[in-house]
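Read the structure below first, then the notes.
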Amino acid sequence: MTEPTTEAAVPPDGRRRSAVRAVLSDLRAVDGALYAAVAATPTPTLDRGLRRLSHAADHSKISLSVAAALALAGGRARTAAVVGVGAIALASASANLLGKRLVRRRRPDREAARVSVDRHVRMPTSASFPSGHTASAVAFATAVGVVLPAAAIPLGALASAVGYSRVHTGVHYPGDVAAGAVLGLASAATALAVASPVLRSGAPDGPLSQVT
């Protein structure tokens, strides 16, 4: 007669994999619940503005427009623009060429969640995880904010709004946006590290001298 399987009989690797799967399942449940809560909350005053913001952030149009304005200002602002655009390039490549191809998460079912039609933007055909819009917006805001501290708060607020707009319009789960933000921070740190010799020479006594 076969003895019943006990926890002690399960190999440690098997227990760890089971624990990881259980945690991931719980996180997906929370992610889906947050998405559904946003979809179910009526916000007619915000819908049009967030839809337009989400659309305007396609292909980093907002960030690149800000970068162009900074470049025209010259000096430190131009340096911030160059580093910011480099951060966008890293974030976009990481999100679209690596993250989305590795995870291949399906986009949310916007119709099943009953996301208001007034919020709708075009549903992308790419994978959902991570949010490329968020990654690029956060990368730009972070990189520019380090080089040009006066821009940190407004650009950070704009990046946050872009990230939320992707959930509000129904094209991303909150977890996709969170992952995009982390990727954006990493991309900004990389761009700043690459540019650190130039940044240190331009501001030997300021915060840029701490960039390594």
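As the structure is a computational prediction, the values presented were derived from the model and not from experiment.
Put simply, the side chain of Tyr35 never gets that close to the backbone of Val167: no donor and acceptor are under 3.5 Å apart. No donor-acceptor pair under 3.5 Å is formed between the side chain of Ser25 and the backbone N or O of Ala22. Side chain of Arg114 to main chain of Ala40: no donor-acceptor pair is present (N/O by atom type, distance under 3.5 Å, no hydrogens or angles).
Residues Ala188 and Ala87 share a closest heavy-atom pair of CA-CB, 4.0 Å. Closest non-hydrogen pair, Ala95 versus Gly132, comes out as CB-CA, 4.0 Å. Taking every heavy atom of both residues into account, Thr41 and Ala37 meet most closely at OG1-O, 2.7 Å. The shortest non-hydrogen separation linking Val144 to Ala80 is CG2-O, 3.4 Å.
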Sequence neighbours excluded and cut-off under 3.5 Å, please list the side-chain donor-acceptor pairs for residues 62-74, or say none.
residue	atom	partner	partner atom	Å
Ser65	OG	Lys61	O	2.8

Side chains of residues 175-185: which donor-acceptor pairs under 3.5 Å do they make with residues two or more places apart or in other chains?
residue	atom	partner	partner atom	Å
Asp176	OD1	Arg105	NH1	2.8
Asp176	OD2	Ser128	OG	2.4
Asp176	OD2	His172	ND1	3.3
Asp176	OD2	Tyr173	N	2.9

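Contact of the His133 side chain with the Asp58 side chain is registered, since non-hydrogen atoms from C-beta on lie closer than 4.5 Å. Residues Thr79 and Leu148 have side chains not in contact (no heavy-atom distance under 4.5 Å, counting atoms from C-beta outward). Contact annotation: the side chain of Leu158 approaches that of Leu53 to within less than 4.5 Å [non-hydrogen atoms, C-beta and beyond]. No side-chain heavy atom of Thr169 sits less than 4.5 Å from a side-chain heavy atom of Val115.
Within the structure, side-chain hydrogen bond (donor to acceptor under 3.5 Å, both in side chains) pairs that include any residue of residues 85-98 comprise Ser92-Asn96 (at least two apart or interchain). Within the structure, salt bridge (Lys or Arg N to Asp or Glu O under 4.0 Å) contacts touching residues 34-47 (residues at least two apart or in different chains) are Asp47-Arg119. Counting only residues at least two apart or on different chains, no salt bridge (Lys or Arg N to Asp or Glu O under 4.0 Å) pair has a member in residues 137-164. The salt bridge (Lys or Arg N to Asp or Glu O under 4.0 Å) analysis of residues 18-27, with sequence neighbours excluded, yields no pairs. Judged as a side-chain hydrogen bond (donor to acceptor under 3.5 Å, both in side chains), the pairs with a partner in residues 149-164 (not counting sequence neighbours) are, in order, Tyr164-His168. Applying the salt bridge (Lys or Arg N to Asp or Glu O under 4.0 Å) rule to pairs touching residues 82-102 yields nothing, sequence neighbours excluded.
Annotation: Leu27, atom CG; neighbour count of heavy atoms from other residues, nucleotides and ligands within 6.0 Å is above 12.
Hydrophobic clustering (side-chain heavy atoms under 4.5 Å, transitive across Ile, Leu, Val, Met, Phe, Trp, Tyr) keeps Leu90 apart from Ile88.
Grouped with Val121 in one hydrophobic cluster are Met123, Val171, the linkage being side-chain heavy-atom contacts under 4.5 Å among Ile, Leu, Val, Met, Phe, Trp and Tyr residues.
Residues that satisfy the salt bridge (Lys or Arg N to Asp or Glu O under 4.0 Å) test with Arg78, not counting sequence neighbours, are absent from this structure. For Arg16, the side chain to side chain donor-acceptor pair (under 3.5 Å) partners two or more places apart in sequence, or in a different chain, are Asp13. Considering only residues two or more places apart in sequence or on other chains, Ser136 meets the side chain to side chain donor-acceptor pair (under 3.5 Å) condition with none of them.
Atom NE2 of residue His120 and atom OG of residue Ser54 lie 12.0 Å apart, to the nearest 0.5 angstrom. Taken from CG in Asp118 to CG in Leu50, the straight-line distance is 12.5 Å, to the nearest 0.5 Å.
No hydrogens or angles considered: nothing links the side chains of Thr125 and Arg107 as a donor-acceptor pair under 3.5 Å.
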